[in-house]
> 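My structure is below; once you've seen it, I'll send some questions.
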Amino acid sequence: MTTAARPDAILPDGPSGQRLVKALTYTLNPDRTLHRYQARYGSAFSIDAFGFGRMVVLTDPAEVKQILQATQDVIDLADIGVDRALGHGSLFATYGDAHRRDRKLLTPPLHGNRLRAYEKMIERAAECEMATWPEGKPFPALPSMMRITLDVILDAVFGAEGAELEELRRMLPPMVQRGTLLAFLPKFQRLLGSHGPWARFQRERARFDVLMARLIDQATPVLDTRDDVLAMLLQARYDDGSPMSHAQISDQMLTLMAAGHETTATTLAWAVERIRRQEGLSDRLAAEVDEGGSALRDSTLLEVQRVRPVVNLVNREVRAENLEIGRWRLPRGTVVGIPVGLLHDDSNLFGDPSTFNPDRFVGAKPNTYQWIPFGGGVRRCIGANFATLEMNVVLRTMFRDFIVEPTTDGPERRVTRGIAAAPGKGGMMIVRRRN
Ligand code: HEM
């Protein structure tokens, strides 16, 4: 235990020495590093991480629950300058009351009955991509899933068509990847001046705003005929009757794309990777589709996200003068990390945690503060229901039309891409069309 910075602070111990080296070690292999520190320091430790600086990592389920349940004046998302990439209006760059107000407007288009409107469209996007799949030859699932989830977002969220659709489809994935890197590594922003990645990102962002202005102009006269998220946001009103500004809407649309595209596609690639390694599972999932059921598919998705969460760490920053939590006293400004994988690996929470067992969730709902691939509390992923529906429809379409061949290959290792931790080979798959 150390008492650091402020004399009244009580922070957990952690590795000392070269901070840059430690941060790099964590970035290159977050899973192994976090497991190692947990074995060495116990349920709480302090580490260095790019973008966050010194961070207190908590893995005790009671402490994690306390963090996720706390109000936003006590602890909120860490401010790591995400606005540089996503804009000041982004849900990731607003806090407290401003965040609550914006979240209230963004929630309806991504929940409840609205989701049903997207189901057919998701199925069409999946069918279109799957029509290109080769039979009997290995190929990685990830690029294919990335194309499906991109098309779904551009349709369901942006309502994009024609020339704008084509341009957004081309520009958004590399732009978001550059933006994420620059948000986490602000020093790169000065690199190479007007020829560097930051200048390029700014040009792309300006072009994105032009395209958004066009999409808004196209949508405005026909709002009542549209059911995409953009059209709903244009009609949404704050409690005082005012609308969201177009600049804010542009920031939110980029945010939804950045948060929802790669995460959903990567989880689907893991689903393929895990399912192929579980004897008989592929056949059981296909039989369930034929019978019109979904219990095993739902449960498989929950279990894939337990054993292979694509977001490694949920972060918060203490806003209160002091936060007393368990043995610790965390002063204002302390960044707290909740390592999703370590919680999911806790044998007190999940029996035989290292075994992939899709049946464990059949007929059993996971605990919201223990199964946390979507984070938790007032900051829980706003797209969780949308992503769950999308993943479900993609798997249903896949098992309806294809036999997914099992494999005896070893597990693919986790590699961190821009935002998500992906299977190292992209989730290799071999399929045959069902007749
Ligand atoms: C499997 C897919 C997905 C995963 C694993 C995932 C995971 C996460 C996680 C871990 C967080 C942080 C939660 C926290 O701090 O407690 C988050 C936040 C967020 N996600 Fe997702 N997400 C996914 C899909 C989506 C989709 C499809 C969208 C939108 C269409 C989306 C939009 C957002 C937004 C806007 C936030 C910020 C919420 C806020 O701060 O209030 N996500 N997501």
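In listed order, ligands and their atoms are each counted from 1. A quick note: this is a predicted structure, and the numbers were derived from the prediction, not measured.
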> Is the shortest N/O to N/O distance between R379 and ligand 1 below 3.5 Å?
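Checking ligand 1 against R379, an N or O pair does fall under 3.5 Å apart.
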> Could you list which atoms of ligand 1 come closer than 4.0 Å to a heavy atom of H99?
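Answer, ordered by atom number: 39 (C), 40 (O), 41 (O).
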> Search all heavy atoms of S144 against all heavy atoms of E129 and return the closest pair with its distance.
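For S144 and E129, the tightest heavy-atom pair comes out as OG-OE2, 2.5 Å.
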> Please determine whether a side-chain nitrogen of the Lys or Arg among R306 and E303 lies less than 4.0 Å from a carboxylate oxygen of the Asp or Glu.
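Between E303 and R306 there is a salt bridge, with a charged N closer than 4.0 Å to a carboxylate O.
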> For the backbone of P309 and the side chain of R414, can you confirm whether one donor and one acceptor N or O come within less than 3.5 Å of each other?
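At least one qualifying donor-acceptor pair exists.
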> Is it true that R316 lies under 4.0 Å from ligand 1, counting heavy atoms only?
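Under 4.0 Å: yes for R316.
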> For G376, is at least one N or O under 3.5 Å away from an N or O on ligand 1?
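There is such a contact, yes.
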> Listing by chain and number, which protein N, O or S atoms are under 2.8 Å from atom 21 (Fe) of ligand 1?
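Metal shell, protein only: C381 SG.
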> Measure the distance from atom 36 (C) of ligand 1 to every protein heavy atom, then report the residue, atom name and distance (to 0.1 Å) of the closest one.
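Nearest neighbour among protein heavy atoms for atom 36 (C) of ligand 1, to 0.1 Å: F92 CZ, 3.4 Å.
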> Only counting residues at least two apart or in another chain, list the ones meeting salt bridge (Lys or Arg N to Asp or Glu O under 4.0 Å) with D401.
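For D401 there are no salt bridge (Lys or Arg N to Asp or Glu O under 4.0 Å) partners, ignoring immediate neighbours.
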> Start with the C-alpha gap between D102 and M244, add the side-chain angles, then the distance that decides, and say whether side-chain contact (heavy atoms from CB on, under 4.5 Å) holds.
CA-CA 8 Å; D102 287 350; M244 224 181 224; 3.9 Å; yes
> Quick check on contacts: which atoms of ligand 1 are under 4.0 angstrom from a heavy atom of P373?
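Those atoms are 5 (C), 7 (C), 10 (C).
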> Among L256, V310, V82, V152, which one has a heavy atom closest to atom 29 (C) of ligand 1?
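That would be L256.
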> Checking R277 against F356: charged group under 6.0 Å from the ring centre and within 45 degrees of the axis?
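Cation-pi check for R277 and F356: fails.
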> Give a yes or no answer on whether the side chain of H344 reaches the backbone of I372 with a donor-acceptor pair at less than 3.5 Å.
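Checked: pair present.
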> Tell me the contacting part of T267 for ligand 1: side chain, backbone, both, or neither, using a 4.0 Å heavy-atom threshold, strictly below.
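Near ligand 1, T267 shows its side chain, while the N, CA, C and O stay back.
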> Show which atoms of ligand 1 fall inside a sub-4.0 Å distance from at least one heavy-atom site of V314.
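In order of number, 14 (C), 15 (O), 16 (O).
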> Using side-chain contact (heavy atoms from CB on, under 4.5 Å), reason through M130 and V394 one step at a time and then give a plain yes or no.
CA-CA 10 Å; M130 290 174 191; V394 171; 3.8 Å; yes
> By the ring-ring contact (aromatic ring centres under 6.0 Å, His included) test, which pairs, at least two apart or in different chains, include something from residues 372-407?
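Listed by first then second residue: Y118-F386, W133-F402.
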> Can you list the residues that meet the side-chain hydrogen bond (donor to acceptor under 3.5 Å, both in side chains) rule with H88, with sequence neighbours excluded?
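If we apply the side-chain hydrogen bond (donor to acceptor under 3.5 Å, both in side chains) test to H88, skipping adjacent residues, the hits are D83.
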> Ignoring hydrogens and angles, tell me if any N or O in the side chain of S90 forms a donor-acceptor pair with the backbone of L86 under 3.5 Å.
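No: the side chain of S90 does not pair with the backbone of L86.
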> With a cut-off of 4.0 Å, which atoms of ligand 1 are near a heavy atom of R103?
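Answer for ligand 1: 38 (C), 39 (C), 41 (O).
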> Show which atoms of ligand 1 fall inside a sub-4.0 Å distance from at least one heavy-atom site of T264.
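Here the atoms of ligand 1 in question are 1 (C), 2 (C), 24 (C), 27 (C).
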> Compare every heavy atom of T263 with every heavy atom of V310, then report the nearest pair and how far apart it is.
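Nearest pair, atom of V310 first, then T263: CG2-O, 3.9 Å.
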> Check contact between Q252 and ligand 1, using heavy atoms of the residue and a distance below 4.0 angstrom.
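Heavy atoms of Q252 never come under 4.0 Å of ligand 1.
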> Between I153 and ligand 1, which part of the residue brings a heavy atom under 4.0 Å of the ligand: side chain, backbone, both or neither?
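No part of I153 is near ligand 1 at this cut-off.
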